[in-house]
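In what follows, a structure is listed as C-alpha coordinates, so that the remarks can point back to it.
Just so you know, these numbers use all the heavy atoms, side chains as well, and skip hydrogens, waters and symmetry mates. Each chain gets a letter, A, B and so on, in the order the sequences are listed, and its residues count up from 1.
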Number of protein chains: 2
Amino acid sequence: MLYAVDMSTALPPCPQPEEPLDGTPVLVPFGTGAEEPCLRADAARNRARLLDAAARLVAEHGAAGVTMEAVAAAAKVGKGTVFRRFGDRTGLLMALLDHEEKKFQAAFLSGPAPLGPGAPPVERLRAFGCAALRRAADDLELQLAAEPCPDRRFLVPPRRARYGHVLMLLRQAVPDADCELLAQTLMGYLEPALIHHLTRQCNMPMERLQHGWHDLVARVTAARQPA
Amino acid sequence: MLYAVDMSTALPPCPQPEEPLDGTPVLVPFGTGAEEPCLRADAARNRARLLDAAARLVAEHGAAGVTMEAVAAAAKVGKGTVFRRFGDRTGLLMALLDHEEKKFQAAFLSGPAPLGPGAPPVERLRAFGCAALRRAADDLELQLAAEPCPDRRFLVPPRRARYGHVLMLLRQAVPDADCELLAQTLMGYLEPALIHHLTRQCNMPMERLQHGWHDLVARVTAARQPA
DNA sequence: TTACGATCCGGACCGAGGTCCGTTTAATTT
DNA sequence: AAATTAAACGGACCTCGGTCCGGATCGTAA
(Lines give C-alpha, C1' and ligand atoms only; values in the text may rest on other atoms or scores of the structure.)
Protein backbone atom coordinates (compact mmCIF):
# COMPACT_ATOMS: atom_id res chain seq x y z
CA MET A 1 0.00 0.00 0.00
CA LEU A 2 1.48 3.28 -1.02
CA TYR A 3 -0.41 5.50 1.33
CA ALA A 4 -3.40 5.25 3.59
CA VAL A 5 -6.41 7.05 2.28
CA ASP A 6 -9.38 6.04 4.34
CA MET A 7 -9.84 6.70 7.99
CA SER A 8 -9.22 3.15 9.06
CA THR A 9 -5.82 4.17 10.28
CA ALA A 10 -6.58 7.74 11.20
CA LEU A 11 -9.36 7.24 13.70
CA PRO A 12 -9.18 5.80 17.15
CA PRO A 13 -8.04 3.32 18.14
CA CYS A 14 -5.30 3.89 15.57
CA PRO A 15 -4.61 7.63 15.56
CA GLN A 16 -2.18 8.68 12.86
CA PRO A 17 1.12 9.80 14.37
CA GLU A 18 1.62 13.51 14.02
CA GLU A 19 3.58 14.47 10.95
CA PRO A 20 6.16 17.26 10.71
CA LEU A 21 4.10 19.47 8.40
CA ASP A 22 6.99 21.69 7.42
CA GLY A 23 8.20 22.73 4.01
CA THR A 24 10.32 19.64 3.46
CA PRO A 25 7.86 16.82 3.93
CA VAL A 26 8.79 13.21 4.40
CA LEU A 27 8.03 12.29 0.81
CA VAL A 28 5.63 9.42 1.18
CA PRO A 29 5.04 7.22 4.17
CA PHE A 30 6.24 4.37 2.10
CA GLY A 31 5.97 0.85 3.32
CA THR A 32 6.47 2.36 6.74
CA GLY A 33 4.43 1.00 9.61
CA ALA A 34 0.72 0.62 10.23
CA GLU A 35 -0.46 0.33 6.68
CA GLU A 36 -3.21 -2.23 6.83
CA PRO A 37 -4.62 -2.17 10.31
CA CYS A 38 -6.36 -5.37 9.29
CA LEU A 39 -9.97 -4.51 9.88
CA ARG A 40 -12.24 -6.86 11.68
CA ALA A 41 -14.04 -9.16 9.29
CA ASP A 42 -17.38 -7.40 9.52
CA ALA A 43 -15.73 -4.00 9.19
CA ALA A 44 -13.89 -5.03 6.05
CA ARG A 45 -17.04 -6.47 4.56
CA ASN A 46 -18.98 -3.30 5.26
CA ARG A 47 -16.20 -1.16 3.87
CA ALA A 48 -16.33 -3.02 0.59
CA ARG A 49 -20.10 -2.82 0.45
CA LEU A 50 -19.98 0.90 1.14
CA LEU A 51 -17.45 1.60 -1.60
CA ASP A 52 -19.48 -0.51 -3.96
CA ALA A 53 -22.69 1.29 -3.11
CA ALA A 54 -21.00 4.68 -3.43
CA ALA A 55 -19.60 3.82 -6.85
CA ARG A 56 -23.03 2.71 -7.95
CA LEU A 57 -24.57 5.95 -6.75
CA VAL A 58 -21.95 7.99 -8.60
CA ALA A 59 -22.66 6.07 -11.77
CA GLU A 60 -26.38 6.57 -11.44
CA HIS A 61 -26.83 10.03 -10.00
CA GLY A 62 -23.46 11.70 -10.27
CA ALA A 63 -21.27 12.78 -7.41
CA ALA A 64 -24.02 14.99 -6.03
CA GLY A 65 -26.12 11.91 -5.48
CA VAL A 66 -23.59 10.48 -3.08
CA THR A 67 -25.31 11.28 0.17
CA MET A 68 -23.96 9.68 3.29
CA GLU A 69 -27.42 8.40 4.14
CA ALA A 70 -28.01 7.15 0.62
CA VAL A 71 -24.73 5.27 0.63
CA ALA A 72 -25.50 3.78 4.00
CA ALA A 73 -28.94 2.72 2.86
CA ALA A 74 -27.68 1.30 -0.44
CA ALA A 75 -25.06 -0.69 1.43
CA LYS A 76 -27.64 -1.74 4.01
CA VAL A 77 -25.57 -0.36 6.80
CA GLY A 78 -26.08 2.22 9.51
CA LYS A 79 -25.14 5.80 8.81
CA GLY A 80 -22.69 5.88 11.69
CA THR A 81 -20.75 3.10 10.04
CA VAL A 82 -20.02 5.24 7.01
CA PHE A 83 -18.56 7.98 9.15
CA ARG A 84 -16.66 5.56 11.33
CA ARG A 85 -14.99 4.09 8.27
CA PHE A 86 -14.33 7.14 6.14
CA GLY A 87 -14.39 10.02 8.57
CA ASP A 88 -16.47 12.31 6.42
CA ARG A 89 -17.91 12.69 2.97
CA THR A 90 -14.63 13.85 1.52
CA GLY A 91 -12.94 10.78 2.92
CA LEU A 92 -15.43 8.52 1.23
CA LEU A 93 -15.05 10.27 -2.09
CA MET A 94 -11.27 10.14 -1.87
CA ALA A 95 -11.47 6.45 -1.11
CA LEU A 96 -13.37 6.06 -4.35
CA LEU A 97 -10.54 7.74 -6.21
CA ASP A 98 -7.94 5.82 -4.32
CA HIS A 99 -7.43 2.93 -6.67
CA GLU A 100 -6.71 5.01 -9.74
CA GLU A 101 -4.58 7.41 -7.78
CA LYS A 102 -2.42 4.61 -6.50
CA LYS A 103 -1.92 3.30 -9.98
CA PHE A 104 -0.85 6.76 -11.03
CA GLN A 105 1.44 7.04 -8.07
CA ALA A 106 3.04 3.70 -8.82
CA ALA A 107 3.54 4.79 -12.40
CA PHE A 108 5.52 7.89 -11.62
CA LEU A 109 7.38 6.35 -8.70
CA SER A 110 8.49 3.13 -10.27
CA GLY A 111 6.89 2.73 -13.69
CA PRO A 112 8.59 2.92 -17.06
CA ALA A 113 10.31 6.08 -18.26
CA PRO A 114 9.73 8.85 -19.06
CA LEU A 115 7.08 8.99 -16.33
CA GLY A 116 9.00 6.68 -14.06
CA PRO A 117 12.72 6.71 -13.23
CA GLY A 118 15.29 6.69 -15.98
CA ALA A 119 14.53 9.81 -17.97
CA PRO A 120 16.07 13.22 -17.28
CA PRO A 121 14.12 15.24 -14.71
CA VAL A 122 12.67 17.82 -17.08
CA GLU A 123 11.36 15.11 -19.31
CA ARG A 124 9.85 13.30 -16.35
CA LEU A 125 8.24 16.53 -15.26
CA ARG A 126 6.67 16.94 -18.66
CA ALA A 127 5.37 13.39 -18.62
CA PHE A 128 4.10 13.81 -15.08
CA GLY A 129 2.01 16.81 -15.98
CA CYS A 130 0.44 15.20 -18.99
CA ALA A 131 -0.40 12.10 -17.02
CA ALA A 132 -1.85 14.20 -14.23
CA LEU A 133 -3.92 16.16 -16.72
CA ARG A 134 -5.29 12.94 -18.13
CA ARG A 135 -6.13 11.67 -14.68
CA ALA A 136 -7.89 14.90 -13.87
CA ALA A 137 -9.86 14.71 -17.08
CA ASP A 138 -11.24 11.28 -16.21
CA ASP A 139 -13.79 11.58 -13.41
CA LEU A 140 -13.30 15.30 -13.06
CA GLU A 141 -16.62 15.49 -11.31
CA LEU A 142 -15.53 13.14 -8.58
CA GLN A 143 -12.26 14.98 -8.08
CA LEU A 144 -14.10 18.24 -7.65
CA ALA A 145 -16.56 16.75 -5.21
CA ALA A 146 -13.72 15.19 -3.25
CA GLU A 147 -11.91 18.46 -2.72
CA PRO A 148 -11.30 18.94 0.98
CA CYS A 149 -11.77 22.19 2.85
CA PRO A 150 -9.03 24.75 2.18
CA ASP A 151 -6.94 24.06 5.23
CA ARG A 152 -6.68 20.33 4.61
CA ARG A 153 -6.20 20.48 0.88
CA PHE A 154 -2.42 20.35 1.03
CA LEU A 155 -2.19 17.73 3.72
CA VAL A 156 -4.00 14.93 1.96
CA PRO A 157 -1.65 12.00 1.24
CA PRO A 158 -2.13 11.82 -2.54
CA ARG A 159 -1.42 15.51 -2.86
CA ARG A 160 1.67 15.22 -0.71
CA ALA A 161 2.92 12.33 -2.76
CA ARG A 162 2.53 14.24 -6.00
CA TYR A 163 4.07 17.33 -4.49
CA GLY A 164 7.02 15.37 -3.18
CA HIS A 165 7.62 13.91 -6.59
CA VAL A 166 7.50 17.22 -8.39
CA LEU A 167 9.75 18.69 -5.74
CA MET A 168 12.34 15.99 -6.23
CA LEU A 169 12.39 16.42 -9.99
CA LEU A 170 12.58 20.16 -9.65
CA ARG A 171 15.55 19.90 -7.29
CA GLN A 172 17.37 17.93 -9.92
CA ALA A 173 16.41 20.30 -12.70
CA VAL A 174 16.98 23.65 -10.99
CA PRO A 175 19.07 22.93 -7.92
CA ASP A 176 19.52 26.50 -6.77
CA ALA A 177 15.94 27.71 -7.01
CA ASP A 178 13.30 27.80 -4.30
CA CYS A 179 11.94 24.48 -5.43
CA GLU A 180 9.25 24.22 -2.76
CA LEU A 181 7.54 27.29 -4.11
CA LEU A 182 8.05 26.34 -7.72
CA ALA A 183 6.64 22.90 -7.03
CA GLN A 184 3.52 24.39 -5.49
CA THR A 185 3.17 26.63 -8.51
CA LEU A 186 3.36 23.70 -10.89
CA MET A 187 0.90 21.75 -8.75
CA GLY A 188 -1.50 24.65 -9.02
CA TYR A 189 -1.63 24.21 -12.77
CA LEU A 190 -2.89 20.67 -12.25
CA GLU A 191 -5.62 21.55 -9.79
CA PRO A 192 -8.89 19.83 -10.73
CA ALA A 193 -10.86 23.03 -10.20
CA LEU A 194 -8.66 24.83 -12.72
CA ILE A 195 -8.81 22.01 -15.25
CA HIS A 196 -12.56 22.05 -14.90
CA HIS A 197 -12.73 25.78 -15.43
CA LEU A 198 -10.50 25.77 -18.46
CA THR A 199 -11.94 22.75 -20.21
CA ARG A 200 -15.60 22.94 -19.27
CA GLN A 201 -16.19 26.63 -18.73
CA CYS A 202 -13.71 28.08 -21.21
CA ASN A 203 -13.89 25.21 -23.68
CA MET A 204 -10.16 24.82 -24.03
CA PRO A 205 -9.06 21.53 -25.58
CA MET A 206 -6.85 19.27 -23.50
CA GLU A 207 -4.07 19.61 -26.05
CA ARG A 208 -3.80 23.26 -25.22
CA LEU A 209 -3.47 22.48 -21.54
CA GLN A 210 -0.78 19.93 -22.28
CA HIS A 211 1.09 22.34 -24.46
CA GLY A 212 0.73 24.94 -21.75
CA TRP A 213 2.26 22.54 -19.25
CA HIS A 214 5.24 21.89 -21.46
CA ASP A 215 5.71 25.59 -21.89
CA LEU A 216 5.39 26.21 -18.18
CA VAL A 217 7.92 23.55 -17.32
CA ALA A 218 10.28 25.01 -19.87
CA ARG A 219 9.97 28.50 -18.43
CA VAL A 220 10.32 27.36 -14.86
CA THR A 221 13.33 25.16 -15.47
CA ALA A 222 15.07 27.35 -18.02
CA ALA A 223 18.53 28.68 -17.28
CA ARG A 224 18.27 32.33 -16.33
CA GLN A 225 19.25 35.01 -18.76
CA PRO A 226 22.25 36.98 -17.50
CA ALA A 227 20.32 40.22 -18.02
CA MET B 1 -18.91 50.65 -8.38
CA LEU B 2 -16.22 48.49 -9.90
CA TYR B 3 -18.06 45.20 -9.82
CA ALA B 4 -21.14 43.80 -8.23
CA VAL B 5 -20.40 41.42 -5.40
CA ASP B 6 -23.60 40.78 -3.54
CA MET B 7 -26.64 39.10 -4.90
CA SER B 8 -28.68 42.24 -5.15
CA THR B 9 -28.14 42.23 -8.87
CA ALA B 10 -27.89 38.51 -9.39
CA LEU B 11 -31.20 37.38 -7.99
CA PRO B 12 -34.65 37.87 -9.41
CA PRO B 13 -36.05 40.23 -10.33
CA CYS B 14 -32.68 41.33 -11.69
CA PRO B 15 -31.04 38.23 -13.10
CA GLN B 16 -27.48 38.85 -14.23
CA PRO B 17 -27.23 38.67 -18.01
CA GLU B 18 -25.34 35.62 -19.11
CA GLU B 19 -21.66 36.26 -19.64
CA PRO B 20 -19.53 34.75 -22.40
CA LEU B 21 -17.43 32.62 -20.04
CA ASP B 22 -14.74 31.87 -22.58
CA GLY B 23 -11.01 32.21 -22.30
CA THR B 24 -10.93 35.86 -23.25
CA PRO B 25 -13.23 37.41 -20.71
CA VAL B 26 -14.63 40.89 -20.90
CA LEU B 27 -12.12 42.28 -18.47
CA VAL B 28 -14.29 43.92 -15.87
CA PRO B 29 -17.92 44.95 -16.19
CA PHE B 30 -16.79 48.48 -15.72
CA GLY B 31 -19.26 51.24 -15.30
CA THR B 32 -21.46 49.22 -17.62
CA GLY B 33 -25.16 48.94 -16.85
CA ALA B 34 -27.12 47.82 -13.82
CA GLU B 35 -24.58 48.57 -11.14
CA GLU B 36 -26.66 49.81 -8.25
CA PRO B 37 -30.11 48.34 -8.61
CA CYS B 38 -31.07 50.89 -5.99
CA LEU B 39 -32.52 48.69 -3.27
CA ARG B 40 -35.72 49.58 -1.64
CA ALA B 41 -35.22 51.64 1.50
CA ASP B 42 -35.95 48.79 3.90
CA ALA B 43 -33.79 46.40 1.92
CA ALA B 44 -30.83 48.76 1.99
CA ARG B 45 -31.24 49.30 5.71
CA ASN B 46 -31.35 45.58 6.38
CA ARG B 47 -28.36 44.97 4.16
CA ALA B 48 -26.30 47.40 6.18
CA ARG B 49 -27.46 45.89 9.45
CA LEU B 50 -26.61 42.40 8.23
CA LEU B 51 -23.11 43.35 7.15
CA ASP B 52 -22.62 45.11 10.43
CA ALA B 53 -23.80 42.13 12.41
CA ALA B 54 -21.67 39.76 10.37
CA ALA B 55 -18.55 41.84 10.89
CA ARG B 56 -19.24 41.88 14.61
CA LEU B 57 -19.62 38.11 14.66
CA VAL B 58 -16.35 37.66 12.79
CA ALA B 59 -14.57 39.90 15.25
CA GLU B 60 -16.01 38.04 18.23
CA HIS B 61 -16.10 34.40 17.19
CA GLY B 62 -14.06 34.17 14.01
CA ALA B 63 -15.36 33.26 10.60
CA ALA B 64 -16.68 29.96 11.88
CA GLY B 65 -19.05 31.89 14.14
CA VAL B 66 -20.74 33.50 11.17
CA THR B 67 -23.85 31.39 11.02
CA MET B 68 -26.64 32.55 8.80
CA GLU B 69 -29.07 32.25 11.66
CA ALA B 70 -26.73 34.03 14.04
CA VAL B 71 -26.27 36.89 11.61
CA ALA B 72 -29.99 37.14 11.06
CA ALA B 73 -30.63 37.17 14.78
CA ALA B 74 -27.90 39.71 15.50
CA ALA B 75 -29.30 41.97 12.81
CA LYS B 76 -32.84 41.39 14.08
CA VAL B 77 -33.96 40.18 10.72
CA GLY B 78 -35.50 37.01 9.38
CA LYS B 79 -33.26 34.28 8.11
CA GLY B 80 -34.81 34.38 4.66
CA THR B 81 -33.74 37.99 4.34
CA VAL B 82 -30.09 37.06 4.65
CA PHE B 83 -30.36 34.57 1.82
CA ARG B 84 -32.42 36.89 -0.31
CA ARG B 85 -29.75 39.56 -0.03
CA PHE B 86 -26.55 37.54 -0.29
CA GLY B 87 -27.61 34.35 -1.96
CA ASP B 88 -25.67 32.07 0.31
CA ARG B 89 -23.08 32.05 3.04
CA THR B 90 -20.25 32.54 0.59
CA GLY B 91 -21.99 35.56 -0.81
CA LEU B 92 -22.27 37.12 2.60
CA LEU B 93 -18.62 36.48 3.37
CA MET B 94 -17.53 37.90 0.05
CA ALA B 95 -19.60 40.97 0.68
CA LEU B 96 -17.63 41.41 3.89
CA LEU B 97 -14.40 41.36 1.91
CA ASP B 98 -15.80 43.60 -0.76
CA HIS B 99 -14.68 46.95 0.53
CA GLU B 100 -11.01 46.07 0.84
CA GLU B 101 -11.05 44.19 -2.42
CA LYS B 102 -12.42 47.21 -4.24
CA LYS B 103 -9.72 49.39 -2.79
CA PHE B 104 -7.16 46.91 -4.04
CA GLN B 105 -8.79 46.79 -7.41
CA ALA B 106 -8.81 50.55 -7.68
CA ALA B 107 -5.14 50.59 -6.73
CA PHE B 108 -3.98 48.32 -9.52
CA LEU B 109 -6.40 49.71 -12.07
CA SER B 110 -5.83 53.39 -11.58
CA GLY B 111 -3.60 53.96 -8.57
CA PRO B 112 -0.01 55.20 -8.55
CA ALA B 113 2.78 53.24 -10.22
CA PRO B 114 4.27 50.71 -9.99
CA LEU B 115 1.04 48.99 -8.97
CA GLY B 116 -1.07 51.25 -11.13
CA PRO B 117 -0.45 52.37 -14.70
CA GLY B 118 2.82 53.95 -15.67
CA ALA B 119 5.39 51.33 -14.84
CA PRO B 120 6.58 48.66 -17.25
CA PRO B 121 4.41 45.53 -17.19
CA VAL B 122 6.87 43.22 -15.48
CA GLU B 123 7.36 45.71 -12.72
CA ARG B 124 3.61 46.11 -12.33
CA LEU B 125 3.27 42.35 -12.19
CA ARG B 126 5.80 42.21 -9.37
CA ALA B 127 3.99 44.92 -7.48
CA PHE B 128 0.65 43.27 -8.05
CA GLY B 129 1.79 40.00 -6.55
CA CYS B 130 3.23 41.59 -3.46
CA ALA B 131 0.12 43.64 -2.92
CA ALA B 132 -2.04 40.56 -3.41
CA LEU B 133 0.09 38.62 -0.95
CA ARG B 134 -0.35 41.36 1.60
CA ARG B 135 -4.10 41.40 1.08
CA ALA B 136 -4.25 37.65 1.47
CA ALA B 137 -2.25 37.86 4.67
CA ASP B 138 -4.74 40.26 6.24
CA ASP B 139 -7.94 38.43 7.10
CA LEU B 140 -6.72 35.14 5.68
CA GLU B 141 -9.33 33.38 7.72
CA LEU B 142 -12.16 35.25 6.07
CA GLN B 143 -10.75 34.64 2.63
CA LEU B 144 -10.58 30.93 3.28
CA ALA B 145 -14.09 30.83 4.64
CA ALA B 146 -15.35 32.81 1.65
CA GLU B 147 -13.95 30.38 -0.91
CA PRO B 148 -16.76 29.31 -3.23
CA CYS B 149 -17.34 25.78 -4.40
CA PRO B 150 -14.87 24.62 -7.06
CA ASP B 151 -17.01 25.29 -10.09
CA ARG B 152 -17.74 28.91 -9.14
CA ARG B 153 -14.30 29.81 -7.92
CA PHE B 154 -13.14 31.25 -11.22
CA LEU B 155 -16.35 33.08 -12.03
CA VAL B 156 -16.47 35.34 -9.04
CA PRO B 157 -16.11 38.99 -10.07
CA PRO B 158 -13.09 39.89 -7.91
CA ARG B 159 -11.21 36.90 -9.22
CA ARG B 160 -12.07 37.77 -12.80
CA ALA B 161 -10.92 41.31 -12.28
CA ARG B 162 -7.57 40.19 -10.92
CA TYR B 163 -7.19 37.63 -13.63
CA GLY B 164 -7.99 40.15 -16.33
CA HIS B 165 -5.38 42.49 -14.97
CA VAL B 166 -2.66 39.86 -14.82
CA LEU B 167 -3.62 38.75 -18.29
CA MET B 168 -3.26 42.24 -19.67
CA LEU B 169 0.15 42.73 -18.12
CA LEU B 170 1.30 39.35 -19.30
CA ARG B 171 0.22 40.11 -22.85
CA GLN B 172 2.41 43.15 -22.78
CA ALA B 173 5.33 41.31 -21.25
CA VAL B 174 5.26 38.11 -23.29
CA PRO B 175 3.09 38.80 -26.32
CA ASP B 176 3.57 35.48 -28.05
CA ALA B 177 2.96 33.15 -25.14
CA ASP B 178 -0.29 31.48 -24.10
CA CYS B 179 -1.02 34.25 -21.65
CA GLU B 180 -4.36 32.87 -20.48
CA LEU B 181 -2.68 29.80 -19.11
CA LEU B 182 0.28 31.68 -17.70
CA ALA B 183 -2.07 34.11 -15.99
CA GLN B 184 -3.96 31.28 -14.35
CA THR B 185 -0.67 29.82 -13.20
CA LEU B 186 0.39 33.09 -11.62
CA MET B 187 -3.03 33.47 -10.01
CA GLY B 188 -2.60 30.05 -8.46
CA TYR B 189 0.42 31.27 -6.57
CA LEU B 190 -1.75 33.89 -4.89
CA GLU B 191 -4.52 31.52 -3.86
CA PRO B 192 -5.49 32.10 -0.22
CA ALA B 193 -5.48 28.38 0.50
CA LEU B 194 -1.88 28.13 -0.67
CA ILE B 195 -0.78 31.21 1.25
CA HIS B 196 -2.39 29.73 4.32
CA HIS B 197 -0.64 26.42 3.84
CA LEU B 198 2.76 27.95 3.29
CA THR B 199 2.67 30.55 6.03
CA ARG B 200 0.63 28.84 8.72
CA GLN B 201 1.30 25.16 8.11
CA CYS B 202 4.84 25.34 6.74
CA ASN B 203 5.86 28.44 8.69
CA MET B 204 7.34 30.22 5.72
CA PRO B 205 7.86 33.94 6.23
CA MET B 206 6.03 36.30 3.92
CA GLU B 207 9.33 37.61 2.59
CA ARG B 208 10.05 34.22 1.15
CA LEU B 209 6.71 34.17 -0.63
CA GLN B 210 7.37 37.62 -2.02
CA HIS B 211 10.79 36.64 -3.21
CA GLY B 212 9.26 33.53 -4.72
CA TRP B 213 6.79 35.67 -6.60
CA HIS B 214 9.51 37.86 -8.04
CA ASP B 215 11.38 34.77 -9.11
CA LEU B 216 8.29 33.24 -10.64
CA VAL B 217 7.49 36.38 -12.61
CA ALA B 218 11.05 36.50 -13.83
CA ARG B 219 10.96 32.91 -15.02
CA VAL B 220 7.59 33.23 -16.67
CA THR B 221 8.38 36.45 -18.48
CA ALA B 222 11.98 35.70 -19.34
CA ALA B 223 13.03 35.61 -22.97
CA ARG B 224 13.40 31.99 -24.05
CA GLN B 225 16.80 30.46 -24.45
CA PRO B 226 17.50 29.58 -28.06
CA ALA B 227 18.34 26.00 -26.97
C1' DT C 1 -16.48 -24.29 24.27
C1' DT C 2 -16.81 -20.51 27.06
C1' DA C 3 -15.73 -16.16 28.54
C1' DC C 4 -14.08 -11.65 27.87
C1' DG C 5 -12.66 -7.32 26.09
C1' DA C 6 -11.85 -4.61 22.12
C1' DT C 7 -14.05 -3.16 18.16
C1' DC C 8 -17.88 -2.21 15.48
C1' DC C 9 -22.79 -1.22 14.48
C1' DG C 10 -27.01 1.45 14.12
C1' DG C 11 -30.07 4.99 14.22
C1' DA C 12 -31.76 8.74 17.16
C1' DC C 13 -30.27 13.31 17.51
C1' DC C 14 -28.31 17.95 16.50
C1' DG C 15 -26.90 22.09 13.99
C1' DA C 16 -26.54 24.67 9.94
C1' DG C 17 -27.43 25.80 5.09
C1' DG C 18 -30.98 26.57 1.98
C1' DT C 19 -36.08 26.77 0.26
C1' DC C 20 -40.90 28.21 0.25
C1' DC C 21 -44.79 30.83 0.52
C1' DG C 22 -48.28 33.60 2.93
C1' DT C 23 -47.94 38.26 4.71
C1' DT C 24 -46.25 43.02 4.93
C1' DT C 25 -44.44 47.20 3.09
C1' DA C 26 -42.44 50.60 0.13
C1' DA C 27 -42.78 53.05 -4.18
C1' DT C 28 -45.87 54.57 -7.88
C1' DT C 29 -50.00 55.76 -10.18
C1' DT C 30 -54.57 57.69 -10.41
C1' DA D 1 -55.34 60.04 -0.43
C1' DA D 2 -56.46 55.58 -2.08
C1' DA D 3 -55.36 51.90 -4.87
C1' DT D 4 -52.03 48.97 -6.96
C1' DT D 5 -48.18 46.14 -7.55
C1' DA D 6 -43.57 44.70 -7.34
C1' DA D 7 -40.43 43.73 -3.99
C1' DA D 8 -39.08 42.45 0.64
C1' DC D 9 -39.94 40.02 4.90
C1' DG D 10 -40.00 36.18 8.22
C1' DG D 11 -39.91 31.89 10.02
C1' DA D 12 -41.60 27.18 9.43
C1' DC D 13 -39.71 23.48 7.03
C1' DC D 14 -36.50 20.29 4.62
C1' DT D 15 -32.10 18.03 3.76
C1' DC D 16 -27.78 16.61 4.82
C1' DG D 17 -23.36 16.26 7.22
C1' DG D 18 -21.70 14.92 11.51
C1' DT D 19 -21.97 13.15 16.61
C1' DC D 20 -23.09 9.90 20.31
C1' DC D 21 -23.72 5.92 22.97
C1' DG D 22 -26.19 1.60 24.29
C1' DG D 23 -26.08 -2.76 22.41
C1' DA D 24 -24.41 -6.43 19.14
C1' DT D 25 -20.29 -8.86 17.24
C1' DC D 26 -15.83 -10.49 16.39
C1' DG D 27 -11.27 -12.34 17.67
C1' DT D 28 -8.75 -14.45 21.26
C1' DA D 29 -7.27 -16.83 25.14
C1' DA D 30 -8.15 -20.33 28.43
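Note: NZ (K76(A)) to P (dC9(C)) measures 17 Å, nearest angstrom. For the pair F86(B) CZ and dG18(C) C1', the interatomic distance rounds to 16 Å; values are reported in whole Å. Residue R84(A) contributes atom CZ, which lies 15 Å from atom P of dC26(D) at whole-angstrom precision. Atom-to-atom, CZ of F83(B) to P of dC13(D) comes out at 17 Å; the value is rounded to the nearest Å. One interatomic measurement links the two molecules: CG of L39(A) to C1' of dA6(C), which rounds to 14 Å at whole-angstrom precision.
The side chain of R85(A) contributes an N or O atom lying less than 4.0 Å from OP1 or OP2 of dC9(C). Between dC8(C) and T81(A), no contact under 4.0 Å exists linking OP1 or OP2 to a side-chain N or O.
Judged purely by atom type and a 3.5 angstrom limit, R124(A) uses its side chain to pair as donor or acceptor with the backbone of F108(A). When atom types are taken as modelled, the side chain of W213(B) and the backbone of L186(B) share no donor-acceptor pair closer than 3.5 angstrom. Of the possible polar contacts, none joining the R159(A) side chain to the F154(A) backbone as a donor-acceptor pair under 3.5 Å is found. With R208(A) contributing its side chain and T199(A) its backbone, the two residues share no donor-acceptor pair below 3.5 Å. The main-chain N or O of V66(A) is found under 3.5 Å from a side-chain atom of R89(A) such that the two form a donor-acceptor pair.
Heavy atoms from other residues, nucleotides or ligands lying under 6.0 Å from CZ of R152(A) number 12 at most.
Listed candidates were dG18(D), dG17(C), dG10(D). Nearest to the side chain of D88(A) is dG18(D).
A donor and an acceptor atom never sit less than 3.5 Å apart when one is taken from the side chain of R40(B) and the other from the base of dA8(D).
Between N46(A) and R89(B), the one whose closest nucleotide on DNA chain C sits nearer the 5' end is N46(A). Toward the 5′ end of DNA chain C lies the nearest nucleotide of K79(A), the other residue of the pair K79(A) and D42(B) mapping further downstream.
Contact check of residues 49-69 of chain A against DNA chain C (heavy atom, cut-off under 4.0 Å) returns no residues at all.
Under the side-chain contact (heavy atoms from CB on, under 4.5 Å) rule, V58(A) has a single partner from D139(A), V71(A), L142(A), which is L142(A).
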